[in-house]
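Read the structure below first, then the notes.
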Amino acid sequence: MEFVGADETFITRYFSLDHDLQLIGRELGKDVHIKAALSDFWGLRIVRQPPWECLISFICATYKSVAAIRQMLLKLSEKFGEKVMLEGCDFHAFPTQERLSKASLRELEGCGLGYRAKYVLETSRLVCAGSFDFDGLRRMGYAEAKDALRELPGVGAKVADCVLLFSLGMLEAFPVDVWVKRIILKYYSEHFPAGFVEKLSCQKGFSDADYERLNGFGRKYFGAYAGYAQEYLYHYERLRTAKLKKD
DNA sequence: TTCCAGGGAGTAT
DNA sequence: ATACTCCATGGA
């Protein structure tokens with residue numbers, strides 16, 4: 001393996017190369033759908049992003065397409081992140097807490113954040129002021145840490161689950177977005193009452209109670225590595241529908 | 001042009 | 001608790 005500007009310890013930790021993928025695959029292989037997803041994307045891992053970066057990124061990611069999210073985060077970094085030279089090219093690091101907490105609402109909106117600008121600003125100020133302690137989360141269980149994160153403006157159940165999964169390594173977290181909702185309705189509907197399935201298929205979004213129900217299913221059905229199931233199923237379904245559009 | 005996006009918060013029942 | 005509504009922007 002080859003990389004520049006990082007040592008092996010960092011790479012191992014960031015890409016969670018310490019996770020026992022073989023074990024996780026055995027634990028998750030409960031049905032044909034997850035087996036197909038595991039097979040198609042075998043090797044995919046849950047990253048360990050810095051919590052701050054992960055938090056802001058997923059606050060920005062609400063109700064936005066992936067392509068638009070990339071643009072938003074790129075602009076945020078270009079505008080507020082420290083410039084880094086690597087292999088003769090200019091890059092920008094993700095903005096620090098201090099820098100974002102001092103940004104103006106207009107500047108943030110200029111990065112295409114829209115109504116998320118105020119959430120990013122308020123959360124940045126809380127984190128920067130020390131009113132929120134990321135390290136404290138590591139000492140909490142899943143439910144408690146999730147509640148603590150949800151105190152932050154712009155952080156609901158889904159964003160909280162993403163932070164717990166992609167930065168704190170709580171692999172039992174099972175974020176439910178529109179894609180995961182579709183996946184559950186499509187492949188796992190027999191685990192729910194028909195009325196619930198029909199209600200969810202008719203509406204675009206879903207309530208907090210509905211979220212907890214879908215999230216609870218994922219954690220109970222897939223177990224301690226539910227987050228890995230989410231990751232594989234998410235990419236499986238996205239690629240499958242992308243292929244479908246071509247034909 | 002219209003539609004929808006890796007949701008969350010505010011408000012009225 | 002639950003239902004309904006608005007949110008600001010950009011890619012397809």
Side-chain angles (χ1 to χ4, degrees), chain A residues 37 41 44-47 49 53-76 78-79 103-124 126 132 146-167 170 173-187 193 195-196 198-216 218 226-247:
Chain A
F41 290 93
L44 196 63
R45 285 166 190 275
I46 302 289
V47 296
Q49 279 190 292
E53 182 174 337
C54 187
L55 173 64
I56 297 301
S57 297
F58 278 104
I59 289 177
C60 291
T62 60
Y63 204 48
K64 270 297 200 185
S65 65
V66 174
I69 296 163
R70 253 201 309 274
Q71 281 305 115
M72 279 169 35
L73 296 178
L74 190 63
K75 282 187 181 177
L76 263 187
E78 284 175 347
K79 196 161 186 174
S104 73
L105 211 50
R106 298 289 171 238
E107 285 178 312
L108 292 173
E109 286 169 350
C111 296
L113 297 199
Y115 64 86
R116 303 160 195 79
K118 64 177 181 297
Y119 299 144
V120 168
L121 187 57
E122 288 171 13
T123 290
S124 295
L126 286 171
F132 186 82
K146 189 168 172 178
D147 287 342
L149 276 166
R150 291 191 63 171
E151 295 297 314
L152 293 169
V155 180
K158 190 268 179 178
V159 172
D161 271 324
C162 286
V163 173
L164 294 177
L165 180 60
F166 298 115
S167 74
M170 292 196 184
F174 188 81
V176 180
D177 55 37
V178 292
W179 287 92
V180 175
K181 172 196 163 188
R182 284 180 200 138
I183 290 164
I184 293 179
L185 292 180
K186 189 169 171 186
Y187 302 122
F196 180 73
E198 189 171 353
K199 185 188 84 174
L200 276 192
S201 8
C202 293
Q203 57 187 43
K204 293 158 197 157
F206 43 86
S207 67
D208 275 358
D210 294 336
Y211 183 96
E212 289 310 312
R213 200 157 173 182
L214 296 169
N215 169 273
Y228 262 97
Q230 193 268 9
E231 177 94 330
Y232 275 90
L233 286 169
Y234 172 83
H235 288 285
Y236 175 73
E237 190 64 8
R238 282 191 59 117
L239 186 78
R240 215 191 57 76
T241 56
K243 274 185 181 170
L244 230 59
K245 278 187 178 176
K246 283 185 188 172
D247 305 333

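Chain letters run A, B, ... following the sequence lines, proteins first and then strands; every chain starts at 1.
Applying the side chain to side chain contact (heavy atoms under 4.5 Å, CB included) criterion to A:Ala160, with sequence neighbours excluded, gives A:Lys146, A:Leu149, A:Arg150, A:Val155. Residues satisfying the salt bridge (charged side-chain N to carboxylate O under 4.0 Å, His left out) criterion with A:Glu109, sequence neighbours excluded, are A:Arg106. Among residues two or more places apart in sequence or in another chain, the side chain to side chain contact (heavy atoms under 4.5 Å, CB included) test is passed with A:Gln71 by A:Leu74. Shown here are the side-chain hydrogen bond (donor to acceptor under 3.5 Å, both in side chains) partners of A:Arg182, two or more places apart in sequence or in another chain: there are none. With sequence neighbours left out, the side-chain hydrogen bond (donor to acceptor under 3.5 Å, both in side chains) criterion links A:Tyr63 to no other residue. With sequence neighbours excluded, the residues satisfying side chain to side chain contact (heavy atoms under 4.5 Å, CB included) with A:Arg45 are A:Leu17, A:His19, A:Leu21, A:Tyr228. Every side chain to side chain contact (heavy atoms under 4.5 Å, CB included) that A:Asp210 has, sequence neighbours left out, goes to A:Phe196, A:Lys199, A:Leu200, A:Gln203, A:Phe206, A:Ser207. Not counting sequence neighbours, the partners of A:Tyr211 by the side-chain hydrogen bond (donor to acceptor under 3.5 Å, both in side chains) test are A:Asp161.
As a whole-Å value, the separation of A:Asp208 CG from B:dA9 C1' is 10 Å. Per the geometry, CZ belonging to A:Arg70 stands 13 Å off C1' belonging to C:dG10, to the nearest Å. A:Tyr63 places its OH atom 16 Å from the C1' atom of B:dG10, with the value rounded to the nearest Å. Atom P of nucleotide B:dA9 and atom CD of A:Glu151 are separated by 10 Å, given to the nearest angstrom. The separation between A:Asp177 atom CG and B:dC4 atom C1' is 14 Å, rounded to whole Å. Spacing between atom OH of A:Tyr211 and atom P of B:dA9 amounts to 13 Å, rounded to whole angstrom units. Protein atom CE of A:Met72 is 16 Å distant from nucleotide atom P of B:dA5, rounded to whole Å. Summarising the geometry, the separation between CG on A:Leu152 and C1' on B:dA9 is reported as 14 Å, rounded to the nearest angstrom.
The nearest heavy atom of DNA chain B to A:Gly154 and to A:Ala61 marks one nucleotide each, and the one closer to the 5' end goes with A:Ala61. Of the two residues near DNA chain B, A:Lys204 and A:Pro153, the one whose nearest nucleotide lies more 5' is A:Lys204. With the nearest nucleotide of DNA chain C identified for both A:Thr62 and A:Ala67, A:Thr62 has the one nearer the 5' end.
Near DNA chain B, meaning a heavy atom under 4.0 Å away, the residues from residues 109-124 of chain A are A:Tyr115, A:Tyr119. Taking a 4.0 Å limit (strictly below) on heavy-atom distances, residues 178-185 of chain A reaches DNA chain B at A:Val178, A:Trp179, A:Arg182.
Rounded to whole Å, the separation between the C1' atoms of C:dG10 and B:dA9 comes to 22 Å.
At a threshold of 4.0 angstrom between heavy atoms, the contacts of A:Val176 with the nucleic acid are absent. Nucleic acid contact for A:Gly205: none, since no nucleic acid atom lies under 4.0 Å from a heavy atom of the residue.
Judged by distance alone, the side chain of A:Gln230 and the main-chain N or O of A:Pro175 form a donor-acceptor pair under 3.5 Å. Distance alone, capped at 3.5 Å, places no donor-acceptor pair between the A:Ser167 side chain and the A:Cys54 backbone. Checked by atom type and distance alone, the side chain of A:Lys181 pairs as donor or acceptor with a backbone atom of A:Lys204 at under 3.5 Å.
At a threshold of 4.5 Å between non-hydrogen side-chain atoms, the residues A:Phe166 and A:Glu231 count as touching.
Summarising the geometry of A:Arg116 relative to A:Cys60, their closest heavy-atom pair is CD-O, 3.2 Å, with the distance given to 0.1 Å.
Under the 4.0 Å criterion applied to side-chain N and carboxylate O atoms, A:Arg240 and A:Glu237 are assigned as salt-bridge partners.
Between the side chains of A:Arg238 and A:Tyr234, at least one donor N or O lies within less than 3.5 Å of an accepting N or O.
Nearest to the side chain of A:Lys64, among C:dT9, C:dG11, B:dG7, sits C:dT9.
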> Just the dot-bracket of DNA chain C, please: which string comes out with Watson-Crick or G-U pairs under 3.5 Å, [ ] for crossing, | for another strand?
Replying inline: |||||||.||||
Using a cutoff of under 3.5 Å, can you pull out all pairs of nitrogen or oxygen atoms linking the protein to nucleotides 1-5 of chain C, with atom names and distances?
none

